[in-house]
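Here the structure is laid out as C-alpha cells; the discussion comes afterwards.
Excluded from the calculations below are hydrogen atoms, water molecules and symmetry mates; all remaining heavy atoms, backbone and side chain alike, are included. Values in this document were obtained by computation on a predicted structure and should not be read as measured data.
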Amino acid sequence: MNRTIRIKLSIMMFLEFFIWGAWFVTLGTFLGNNLKASGSETAAIFSTQSWGAIVAPFIVGLIADRYFNAEKILGILHLVGAFLMYQMYQSEEVGMFYTYVLSYMILYMPTLALVNSVAFNQMKDPEKEFANIRVWGTIGWILAGLSISFIFHWDTAEAISEGFLKNTFLLAGIAALILGLFSFSLPKTPPKVSDEKIKIGDIIGLDALKLLKDKNFAIFFISSILICIPLAFYYQNAHPFLTESGVENPTGKMAIGQISEALFLLLIPVFFTRFGFKKTILIGMLAWAIRYVLFAYGNGGELSFMLIIGIALHGICYDFFFVSGQIYTNSKAGEKYKSAAQGLITLATYGVGMLIGFAVAGWITDNYKTLEGTINWEMVWIIPAGIAFAVFVLFALLFNEKNKGEATTSAV
C-alpha cells in the first residue's frame, strides 16, 4: 500500500468515527434538555442504532456487495446523512427527530462495514496493516469529544441551558458532507462478482446457528445478549448523569473511555496467552459491575475520581468482552462459518441485545424519577451493576473452557 492510499484510508476512518462521536455521546443530554424527552422516548431514539445494525447487512449484502463500488455507496450514504443531520439540528419536537435519526442510523450503520471493505481491499496483509488504519477512527471519536468540551464549550452548564448541544448535529453534518465528497476520491472497490443466489440466511448469519449446539458457545451467545443490557445504560445515561453530577467538560472526559479502549486492545493477546478466554471475558464482565457501582456512589465533587475511574474502565468493559468474544467466535466457527458467525453475534448484540437494553434503561430511568422530576441515579446504576454481576456468575458457573489454546492461537 503506497503512502497516498494509506493517508486517504486514515482520513476516511478518522471522519467516519468523528461523525459518530460528534453527536452520539451527548445525545442523551440533548434529548432531555432540548426536546424534554422522557426515558422511554430517549430509549426509542437510542434504539435506532440497533435497527440500523439489523438493516445494515441487507444494504451491504444485497446492494453494496453485488452491484456498486463500495466507495461510491459510502459517498452517497454520507451525503444523504449530512442532509439528515441538518434536519436533526433544526428539530424541535421528539417525533420528527425520531424520524430523522432512524433514517440516519439505517444509512450510517452500513458505512461501518463499507469503510472496512474499502480498507481491506487495499491491503496485502490486513492482520498487520488494518490496526494502523483503524486507530484513526478511535482518534476521530476522541477528538470529536475533546472539541465539543474544550474548543466549542457546548457541554458547559450554561451552554446546555441555552440549547447549544444542537450544534453537535451541525458539526457531525459538516464532517459527513466532507466524507461524502471525499469518498469519491477513495480507491476503487468494485462489487464481488458472483452468480450464486443470495440467501437471507447467509446475510444475517443464520448458518452459524448450528454453533449453538455447542453448550459453551450457546452460553457465550446468551451472555453476549444479556451483557448488552448494562452496555445500553452507559450509552444512554452516562452523559446526562455526568452533566447532572456537575462534572466539568463531560464530553471531553468521556473520551478517556476511548483512549482506554485503544490501550487495552493492545493487552488482549497478553491476557489470552496468560489467562485464556474464560478469565479474560470474566474480567470484562466484572468491570461492568464495578464501573456502575462507582457511578452509583461517586459524585461530581470530592468523589469525582470514582466517576473518572468508571469512565476509564470502558476499555476493559468493551475490549475484554466484545473483542475477546469476536476472537472466540472466530476460533469456534471454522473457515466455512466465520463470516456467518460474526454476523450472527453482531445481530445478537447490537441488534437484539441493545434493543432490549435501551428499553430496560428507559423504563428504569422513568421509574426512578422523584416527584420533582430529578433522577435517582444511584438506583439507575445499581440495577445494571446487578445485571452485569448476574451475567458474570452465570458465565463463570456454566462456561467450561476445555481448550485454552483454541482461542489463544487466534488472538496472537
Worked check of side chain to side chain contact (heavy atoms under 4.5 Å, CB included) between L265 and V323: CA-CA 8 Å; L265 190 61; V323 178; 3.8 Å; yes
Step-by-step side chain to side chain contact (heavy atoms under 4.5 Å, CB included) determination, I19 to H78: CA-CA 10 Å; I19 292 166; H78 276 300; 3.8 Å; yes
Verdict with reasoning, F169 to F97, per ring-ring contact (aromatic ring centres under 6.0 Å, His included): CA-CA 12 Å; F169 302 106; F97 185 87; 5.5 Å; yes
H153 and E158: CA distance, side-chain angles, deciding distance, side chain to side chain donor-acceptor pair (under 3.5 Å) verdict: CA-CA 9 Å; H153 307 290; E158 183 180 352; over 6 Å; no
Test side chain to side chain contact (heavy atoms under 4.5 Å, CB included) applied to L143 and L146, step by step: CA-CA 5 Å; L143 288 184; L146 294 177; 4.1 Å; yes
Full working for side chain to side chain contact (heavy atoms under 4.5 Å, CB included) between V115 and M13: CA-CA 7 Å; V115 293; M13 284 292 182; 4.1 Å; yes
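Two residues are said to be in side-chain contact when any heavy atoms from C-beta on lie closer than 4.5 Å; M88 and V101 meet this criterion. By the 4.5 Å heavy-atom criterion applied to side chains, F241 and V380 are not counted as neighbours. At a threshold of 4.5 Å between non-hydrogen side-chain atoms, the residues K253 and P250 do not count as touching. Between Y297 and I382, the closest side-chain pair of non-hydrogen atoms falls below 4.5 Å. Between L242 and M254 there is a side-chain heavy-atom pair separated by less than 4.5 Å. Side-chain contact between Q49 and M109 is present, with at least one heavy-atom pair separated by less than 4.5 Å. Inter-residue side-chain proximity for T99 and Q87 is flagged as unmet; no heavy-atom pair is nearer than 4.5 Å. The shortest distance between side-chain heavy atoms of M105 and W51 does not fall below 4.5 Å.
The aromatic rings of W381 and W377 sit parallel, their planes meeting at an angle under 30°, below the 60° perpendicular limit. Using cut-offs of 30° and 60° for the angle between ring planes, the F277 and Y328 rings count as parallel. Taking the six-membered ring where the residue is Trp, F275 and F271 present tilted rings, their angle falling between 30° and 60°. Ring planes of Y292 and F295: tilted class, angle from 30 to 60°.
In this structure, F320 CZ and I281 CD1 are separated by 11.5 Å, a value rounded to the nearest 0.5 Å. Atoms CD1 and CG, on I268 and D319 in that order, are 4.5 Å from each other to the nearest 0.5 Å. Rounded to the nearest 0.5 Å, atoms CD1 (I174) and CG (L171) are 6.5 Å apart. The CZ atom of F68 sits 14.5 Å away from atom CG of L74, with the distance rounded to the nearest 0.5 Å. A distance of 7.5 Å separates CG in L179 from CG in L186, rounded to the nearest 0.5 Å. Here CD1 of I383 is found 10.5 Å from CD of E378. Values are rounded to the nearest 0.5 Å.
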Give every donor-acceptor pair under 3.5 Å between a side-chain atom in residues 219-227 and any protein atom, sequence neighbours left out.
from, atom 1, to, atom 2, distance (Å)
S223, OG, I219, O, 2.8
S224, OG, F220, O, 2.8

Show me, pair by pair, the donor-acceptor contacts under 3.5 angstrom made by side chains of residues 229-240, not counting sequence neighbours?
from, atom 1, to, atom 2, distance (Å)
N237, ND2, T365, OG1, 3.3
H239, ND1, T29, OG1, 2.5
H239, ND1, T243, OG1, 3.4
H239, NE2, T251, OG1, 2.8

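A donor-acceptor distance shorter than 3.5 angstrom exists from the side chain of N299 to the backbone of L303, with no hydrogens or angles considered. In this structure, the side chain of S149 engages the main chain of G252 through a donor-acceptor pair within 3.5 Å. For T111 (side chain) and L114 (main-chain N/O), no donor-acceptor pair under 3.5 Å exists by modelled atom type. Using a distance-only test at 3.5 Å, with no hydrogens or angles considered, a donor-acceptor pair links the side chain of N2 to the main chain of I5. Remark: the backbone N or O of F399 is paired with a side-chain donor or acceptor of K278 at under 3.5 angstrom. In terms of modelled atom types and a separation under 3.5 Å, the side chain of K8 and the main chain of S185 share a donor-acceptor contact. Under the 3.5 Å distance criterion, the side-chain polar atoms of S260 are matched with a main-chain donor or acceptor of A312. Formation of a donor-acceptor pair under 3.5 Å by the D214 side chain with backbone atoms of N216 is found in this model. With N121 contributing its side chain and S117 its backbone, the two residues share no donor-acceptor pair below 3.5 Å. Side-chain atoms of E71 come within 3.5 Å of backbone N or O of T189 as a donor-acceptor pair.
F130 has its ring centre less than 6.0 Å from the ring centre of F120. Ring pair F389/F392: centre-to-centre distance below 6.0 Å. Ring centroid separation for the pair F164 and F152 does not come in under the 6.0 Å cut-off.
Counting heavy-atom neighbours within 6.0 Å of Q90 CD, excluding the residue itself, gives a total above 12. A 6.0 Å sphere centred on NZ of K188 holds no more than 12 heavy atoms belonging to other residues, nucleotides or ligands. Within a 6.0 Å sphere centred on CZ of F182, other residues, nucleotides and ligands contribute more than 12 heavy atoms.
Contact record, Q122 with P187: NE2-CB, 3.1 Å, taken as the closest heavy-atom pair. Residue A287 comes nearest to I316 through the heavy atom pair CB-CG2, 3.7 Å, listed as atom of the first residue, atom of the second, then distance. What you find for G362 and A43 is that their closest heavy atoms are CA-CB, 3.8 Å. Nearest approach of A159 to W154, heavy atoms of both residues: CB-O, 3.5 Å. G300 approaches V247 most closely through the heavy-atom pair CA-CG2, 4.1 Å. The nearest pair of heavy atoms linking G310 to L294 is N-CD1, 3.9 Å.
Across F14, W20, F18, W136, a single residue satisfies ring pair (Phe, Tyr, Trp, His ring centres under 6.0 Å) together with W141, and that is W20.
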